[in-house]
There are 2 protein chains.
Amino acid sequence: MSLPHALLGLLAVQPRSGYELTKVFEQDLGRYAWQAGHTSIYPELNRLAESGLVEVSHEGARGSRTYAVTEAGRSELRNWLLSPPRQTRVRNEPVLRMFLLSALEPADALVVLRTIAENTDASATELRKVREVDPEGPMTGAEGFGQLAAEYGLRQYEAVRDWARWAIERLERETSARPS
Amino acid sequence: MSLPHALLGLLAVQPRSGYELTKVFEQDLGRYAWQAGHTSIYPELNRLAESGLVEVSHEGARGSRTYAVTEAGRSELRNWLLSPPRQTRVRNEPVLRMFLLSALEPADALVVLRTIAENTDASATELRKVREVDPEGPMTGAEGFGQLAAEYGLRQYEAVRDWARWAIERLERETSARPS
DNA sequence: ACCTTACATGTAACTGTTGACATGTCAGTA
DNA sequence: TACTGACATGTCAACAGTTACATGTAAGGT
């Protein structure tokens with residue numbers, strides 16, 4: 001149940017409407033960290049408002065409501081982020097695929113590994129461009145969010161790519177050394 | 001819904017009982033890739049057996065049933081692993097925490113980052129020891145599974161640690177450069 | 001004989017999430 | 001004026017996953 005904290009965190013950086021929050025979850029946040037659709041977000045915002053952790057700071061056109069964290073909400077967020085990282089539920093399909101590679105014959109495994117290496121390398125290259133738009137921008141606030149995220153994603157991609165290359169090399173060496 | 005494929009993959013490496021599969025999910029697989037308890041595994045095994053993708057290869061003591069993949073199951077697994085990686089559901093609390101760091105004041109963010117850097121460094125050191133037990137073991141089969149997993153986990157930890165150190169450095173530089 | 005621990009499998013209620021459905025506003029344009 | 005697309009929020013049924021409950025066997029120690 002991290003969704004309330006995710007919302008609290010986003011609203012702590014700047015007040016937003018449910019619709020805007022939905023958009024954020026479609027970007028890097030939902031891509032790397034936590035995914036949520038508007039059908040989860042709107043009810044959760046109402047719950048948070050009821051508990052007094054957020055409040056409607058502005059009502060705009062088309063019935064839009066902009067939410068902002070309250071002091072209680074900011075305190076709850078800080079509490080959560082500074083508390084010991086509890087055990088976490090992992091559910092990562094790409095990683096699962098990597099784990100299951102051993103179940104394939106070496107030739108098939110190599111095909112998959114090469115695809116992984118290519119895709120992650122391409123993604124890393126793309127992210128590097130994004131990062132270079134403003135390489136020395138501030139790390140806190142709305143832009144800093146993107147900076148941290150971009151750098152994290154970049155390093156993730158590079159790590160997976162390098163792992164895939166390492167695995168390919170070992171697998172090739174092994175296959176040629178003792179062919180079945 | 002990757003659980004059936006995870007089970008198929010594990011059984012493709014070697015036949016196991018539901019109990020043994022449960023144990024595997026408590027190790028690295030559940031730690032890095034996909035987590036599942038016995039209450040999901042047993043019903044799923046029954047479903048897979050009904051669809052003919054696995055079969056009971058042996059019945060042992062205490063009512064234990066050892067499952068093995070059928071040809072159909074092996075084909076389904078290969079299909080899934082070689083097919084284009086569909087979009088995946090991300091749900092990763094540690095990463096979410098990193099994303100939300102920007103919502104904290106720099107001093108608090110530094111505390112969290114230092115903890116992350118220390119923890120991931122410790123985990124990396126531990127994993128490096130595990131890996132060195134058999135650094136040149138085979139990559140396929142039951143042992144190779146562990147080798148790939150260990151290397152992947154190691155590189156993940158190191159990547160996160162390096163990212164945290166990078167973020168700490170930038171944050172410190174920024175804080176001292178223009179203190180609020 | 002009794003107790004404890006690990007082995008081994010299962011059901012059912014509850015909770016959380018998603019997908020389909022639903023409604024309405026506002027701006028631009030044909 | 002009518003249409004289209006983006007904006008904006010919402011409900012509800014279906015489904016997935018977890019927790020708590022439940023049962024029983026085998027091995028080893030006291």
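- Considering only side-chain atoms of B:K23, the nucleotide from D:dG10, C:dT17, C:dC7 that sits closest is C:dC7.
- Looking at A:V54 and A:L7, their side chains never come closer than 4.5 Å, going by heavy atoms from C-beta outward.
- Among the protein residues, A:S40 comes within range of the nucleic acid bases, having at least one heavy atom under 4.0 Å from a base atom.
- Spacing between atom NE2 of B:H58 and atom P of C:dT9 amounts to 11 Å, rounded to whole angstrom units.
- Rounded to an integer number of Å, the gap from B:H38 NE2 to C:dC7 P is 14 Å.
- Between B:R91 and C:dT17 there is a side-chain N or O to OP1 or OP2 distance below 4.0 Å.
- Counted by atom type alone, B:E93 and A:S2 present one or more donor-acceptor pairs between their side chains at under 3.5 Å.
- Remark: P of D:dC21 and OH of B:Y42 are 20 Å apart, rounded to the nearest angstrom.
- What separates CD1 of A:I41 from C1' of C:dG16 is a distance of 15 Å, to the nearest Å.
- Nearest-nucleotide positions on DNA chain C place B:Y67 closer to the 5' end than the other of A:A36 and B:Y67.
- Rounded to a whole Å, the CH2 atom of B:W34 is 15 Å from the C1' atom of D:dT18.
- As a whole-Å value, the separation of B:E59 CD from D:dT25 P is 16 Å.
- Residues B:L3 and B:F25 form a side-chain contact, since some pair of their non-hydrogen atoms from C-beta on lies under 4.5 Å apart.
- To the nearest angstrom, C1' of C:dT18 lies 14 Å from CD of A:E26.
- Looking at B:Q156 and A:Q156, their side chains come closer than 4.5 Å, going by heavy atoms from C-beta outward.
- Contact annotation: A:R62 does not reach the phosphate of D:dG5 (side-chain N/O to OP1 or OP2, under 4.0 Å).
- Between C:dC7 and B:Y19, a contact under 4.0 Å exists linking OP1 or OP2 to a side-chain N or O.
- Atom CZ of A:R165 has more than 12 neighbouring heavy atoms from other residues, nucleotides or ligands inside a 6.0 Å radius.
- Rounding to whole angstrom units, CG of residue A:N46 and C1' of D:dT9 are separated by 9 Å.
- If A:A61 and B:R65 are placed on DNA chain C by their nearest nucleotide, the residue sitting closer to the 5' end is B:R65.
- Close to D:dG17, at under 4.0 Å from its OP1 or OP2, lies no side-chain N or O of B:T39.
- Between C:dT18 and A:Q35, a contact under 4.0 Å exists linking OP1 or OP2 to a side-chain N or O.
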